[in-house]
Colleague: 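Take this structure first; my questions come after.
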Amino acid sequence: MKITLKDGSVKEYGEAKAIIDIAKDISEGLARVACAGEVDGETVDLRTVLDKDCELNIITATDEKALHVIRHTASHVLAEAVKRLFPNAKVTIGPAIDEGFYYDFDAEPFSRDDLDKIEAEMKKIIKEGHEITRFTLPRAEAIKYMEEKGEPYKVELIQDLPEDSEISFYDQGGFVDLCAGPHLMSTKGVKAFKLTSSSMAYWRGDSNKARLQRIYGTAYNKKEELAEHLERMEDAKRRDHNRLGREMDLFTTVDVIGQGLPLFTPKGTKMIMKLQRWIEDLEDNEWGYMRTRTPLMAKSDLYKISGHWDHYKEGMFVFGDEENDKEVYALRPMTCPFQYYVYKNSQKSYRDLPCRYSETSTIFRNEDSGEMHGLTRVRQFTITEGHLIVRPDQMVEEFKNCLALAKYCLETLGVNDDVTYHLSKWDPEDREKYIGEPEVWNETEQHIRDVLTELEIPFVEDVGEAAFYGPKVDINAKNVYGKEDTMITIQWDALLAEQFDMYYIDQNGDKVRPYIIHRTSMGCYERTLAWLIEKYAGKFPTWMCAEQVRVLPISDKYEEYAQKVCKTMKKAGIDATVDIRSEKIGFKIREARLDKLPYMLVVGQQEEADNTVSVRSRFAGDEGVKSLDSFIADITEEIRTKQIRKEMQNEENK
């Protein structure tokens, strides 16, 4: 057989050979650092025996792809350590993930002290350096094997596999776990790891099933790489909107109100109001949108026409029972069918199109309790929702304009470089999830693909992520922990106009079905605020800030002048306050820094006499003395242009 290596060279063997033996044949040094193999593009175990021609890449510890194997092995070491320390714990699953690994156990909750003890035990296991070996059993024997070990969750996993399956296990010095691999050759290969946290989880992600305890960890090839990762995680904790947003008094949650129902404080409300006014003025005055205002709920009849009742009912808040109540209502999970009836309120000619409707829409989603997180996953939220009813010949251009508006919003917010574009497609293998014929889906997906290609927007394609009535562009961003969320959506809909009997009169007097674009310009206000908190670590651009300037009188004698300065700024549209506390000026400045304010104006005898202010900022520190008029002119221009000034990097301003 011929084995083609990564560098293009070819190794020939007369018999089947394990990848580890091929690595040794190339060089003993390569074999020592090898972690896994990549055969025809698929990552496999070093123990894998090759018996036919193929392309082979030996994955070494320095290769990014090795991290998955290292972390997978670390998760098994974790499981063994837990079983040693907590013999009654039942093991479930323990995969490698993007930032590390986790393992779920049926056990009592783990404390930080428990994690420290488990870490110490893991180090012992690694030092023992057990060889990791693989063996297989027929399904029936595998079930019996795990039953004898008292591991019911592993038994359930095996029972879900086909009867003719051959089940693989890995043994590391007596601890055996059900696993498909790949793994390192020895536990000694785990060089640097850390258990980071523990939390509750559900078996198979189902809240109706057993509550489990999940331990998270991460592993790297080198201690230096682990240290860098842990520092990134500390920075992520500092930036975490769920923590920082509360510390900055932007929002809170209350148990008696409910999960996923945040309360915005005056500061958080002010920020959302600024974003909302900006978007509404932008859409209405510059992009030709017409604003609507529609109900927060509707009868089930509406959602049956749209298809949401059949395809999305589980995600809706429903009032009433169809069997017992004459009318059943539901809070709206979207605004589109409401705006369709605004369109249908009067007959439209081809000259009236495109009709661009926009609404600041509060909508409701019955999310699972385990999915709730801060402002990124909530049950009530408000979006910059819009629907464009267009002629087919206008569709491509209007779709491009929606992308342009979204990109403009991202650039203004300062986050355009932090997003990825996704073409979310239907899954032809899951026909029940979607309406419409394959030809329509293929055609509309190709239109979007062509638009993104023409605009030179890099994108990936995601099967099964389309809405039930059309493909879309999802603009996604990752939070500080690496989890990806959809921020903006632009969707191509060639189907719902038929269901709602929407039409326009063309040049010949005939009725013609329009196309529809569902889109958000900035997305969800709650999720966007969370994104901005984490992006800027709370140090927002001046135009977004709830408090843009704080006036700091040196003593009580200058409070009157400070109030005069504040009043003048407010008349100019600047959000300003005065710190009238009887504290020393140094204390007031430190407090303003901790509150992450863009500007502080220190005023005293000289400033009052000259009608000036002493300016300190996050951006340049001490900016010196300016006339009040000059400062107002500068900051109003900064706010008007939505400028994003570069932050100072010195220790004083951190």
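All residue numbers refer to positions in the sequence shown, counting from 1. Bear in mind that the values here come from a model prediction, so they are computed numbers and not experimental data.
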Colleague: Provide the closest heavy-atom pair for C566 versus V578 in the form atom of the first, atom of the second, distance.
Modeller: CB-CG2, 3.4 Å
Colleague: Can you confirm whether E108 is buried at CD, in the sense that more than 12 heavy atoms of other residues, nucleotides or ligands lie under 6.0 Å from that atom?
Modeller: no
Colleague: Crowded around K400 NZ? As in, over 12 foreign heavy atoms under 6.0 Å?
Modeller: yes
Colleague: Has R214 got a side-chain atom pairing as donor or acceptor with D104's backbone, closer than 3.5 angstrom?
Modeller: no
Colleague: Salt bridge check: are R519 and E283 linked by an N-O gap of less than 4.0 Å?
Modeller: yes
Colleague: For the pair K124 (side chain) and A81 (backbone), establish whether a donor and an acceptor sit closer than 3.5 Å, ignoring hydrogens and angles.
Modeller: no
Colleague: Do the side chains of E647 and K535 get close enough for a salt bridge, i.e. N-O under 4.0 angstrom?
Modeller: no
Colleague: Any side-chain donor-acceptor pair under 3.5 Å between E359 and T335?
Modeller: no
Colleague: If I compare all heavy atoms of I644 with all of G414, which pair ends up nearest, and what's the gap?
Modeller: CD1-CA, 3.5 Å
Colleague: Over all heavy atoms of both residues, which pair between I488 and G523 is shortest? Give the atoms and the distance, please.
Modeller: CG1-N, 4.1 Å
Colleague: Closer than 3.5 angstrom, by distance alone: can the side chain of S75 be matched with the main-chain N or O of A96 as a donor-acceptor pair?
Modeller: no
Colleague: For the residue pair A406 and I475, what are the closest heavy atoms and their distance?
Modeller: CB-CD1, 4.0 Å
Colleague: Using distance alone, with no hydrogens and no angle criterion, decide if D462 and S424 have a side-chain donor and acceptor under 3.5 Å apart.
Modeller: no
Colleague: State whether E591 and R581 are salt-bridged, where the test is any N-O pair (Lys NZ or Arg NE/NH1/NH2 against Asp/Glu carboxylate O) under 4.0 Å.
Modeller: yes
Colleague: Name the orientation class of the two ring planes belonging to Y599 and F631 (parallel below 30°, tilted from 30 to 60°, perpendicular beyond 60°).
Modeller: perpendicular
Colleague: Rounded to the nearest 0.5 Å, what separation is found between the CG atom of L452 and the CG atom of L403?
Modeller: 6.0 Å
Colleague: May I ask you to say whether E119 pairs ionically with R112, meaning some side-chain N is under 4.0 Å from a carboxylate O?
Modeller: yes
Colleague: Quick check against the 3.5 Å criterion: does E411 have a side-chain atom that pairs as donor or acceptor with the backbone of N416?
Modeller: no
Colleague: Is it true that K237 and D240 have a side-chain N and a carboxylate O under 4.0 angstrom from each other?
Modeller: no
Colleague: For Y220, run the side-chain hydrogen bond (donor to acceptor under 3.5 Å, both in side chains) check against K194, E225, R71 and tell me which one passes.
Modeller: R71
Colleague: Report the C-alpha separation of T542 and Q643 in whole Å, then their side-chain angles, then the decisive distance to 0.1 Å, and conclude whether the side chain to side chain contact (heavy atoms under 4.5 Å, CB included) test is met.
Modeller: CA-CA 8 Å; T542 303; Q643 181 183 353; over 6 Å; no
Colleague: Taking all non-hydrogen atoms of both residues, which atom of L597 and which atom of R618 are closest, and how far apart?
Modeller: O-CG, 3.0 Å
Colleague: Can you confirm whether the side chains of T384 and T520 place a donor and an acceptor under 3.5 Å from each other?
Modeller: no
Colleague: Determine whether a donor-acceptor pair (N or O, by modelled atom type, separation under 3.5 Å) exists between the side chain of R356 and the backbone of Y289.
Modeller: no
Colleague: In plain terms, say whether R645 and E623 are close enough for a salt bridge, that is, a side-chain N and a carboxylate O under 4.0 Å apart.
Modeller: yes
Colleague: For the pair R527 (side chain) and T486 (backbone), establish whether a donor and an acceptor sit closer than 3.5 Å, ignoring hydrogens and angles.
Modeller: yes
Colleague: Counting distance only, does the side-chain N/O of D116 pair as donor-acceptor with the main-chain N or O of D113 below 3.5 Å?
Modeller: no
Colleague: Please report the C-alpha distance between L78 and F101 in whole Å, then the side-chain angles of each, then the deciding distance to 0.1 Å, and finally whether the side chain to side chain contact (heavy atoms under 4.5 Å, CB included) criterion is met.
Modeller: CA-CA 10 Å; L78 164 61; F101 60 89; 3.8 Å; yes
Colleague: Tell me the closest heavy-atom pair linking L331 and F364, and the distance in Å.
Modeller: CB-CD1, 3.6 Å
Colleague: Would R277 and E280 pass as an ion pair if we require N to O under 4.0 Å?
Modeller: no
Colleague: Return yes when atom NZ of K626 has more than 12 non-hydrogen atoms of other residues, nucleotides or ligands closer than 6.0 Å, and no otherwise.
Modeller: yes
Colleague: Count the heavy atoms belonging to other residues, nucleotides or ligands that lie under 6.0 Å from CZ of R211, then report whether that count exceeds 12.
Modeller: no
Colleague: Return the orientation label for the Y103 and F105 ring planes: parallel under 30°, perpendicular over 60°, tilted otherwise.
Modeller: parallel
Colleague: Which distance, rounded to the nearest 0.5 Å, do you find between the CZ of R246 and the CG of N242?
Modeller: 4.5 Å
Colleague: Does W543 offer a backbone N or O that forms a donor-acceptor pair with the side chain of E638 under 3.5 Å?
Modeller: no
Colleague: What's the spacing between E385 CD and T292 OG1 if we round to 0.5 Å?
Modeller: 8.5 Å
Colleague: Would you please say whether a donor-acceptor pair under 3.5 Å links the side chains of D485 and T376?
Modeller: no
Colleague: Taking atom CD of E367 and atom CZ of R377, what is their separation to the nearest 0.5 Å?
Modeller: 5.0 Å
Colleague: Just how far is it from atom NZ of K65 to atom CD1 of I70, taken to the nearest 0.5 Å?
Modeller: 14.5 Å
Colleague: Within the 4.5 Å heavy-atom criterion, are T196 and M233 side-chain neighbours or not?
Modeller: no
Colleague: Would you confirm whether S617, through its side chain, and F619, through its main-chain N or O, come within 3.5 Å as a donor-acceptor pair?
Modeller: yes
Colleague: Between H241 (side chain) and L375 (backbone), is there a donor-acceptor pair under 3.5 Å?
Modeller: yes
Colleague: How far does CD of Q491 sit from CG of D474, to the nearest 0.5 angstrom?
Modeller: 8.5 Å
Colleague: Do T269 and M273 pass the side chain to side chain contact (heavy atoms under 4.5 Å, CB included) test, and can you show the C-alpha distance, the side-chain angles, and the key distance before you say yes or no?
Modeller: CA-CA 6 Å; T269 302; M273 285 173 60; 4.0 Å; yes
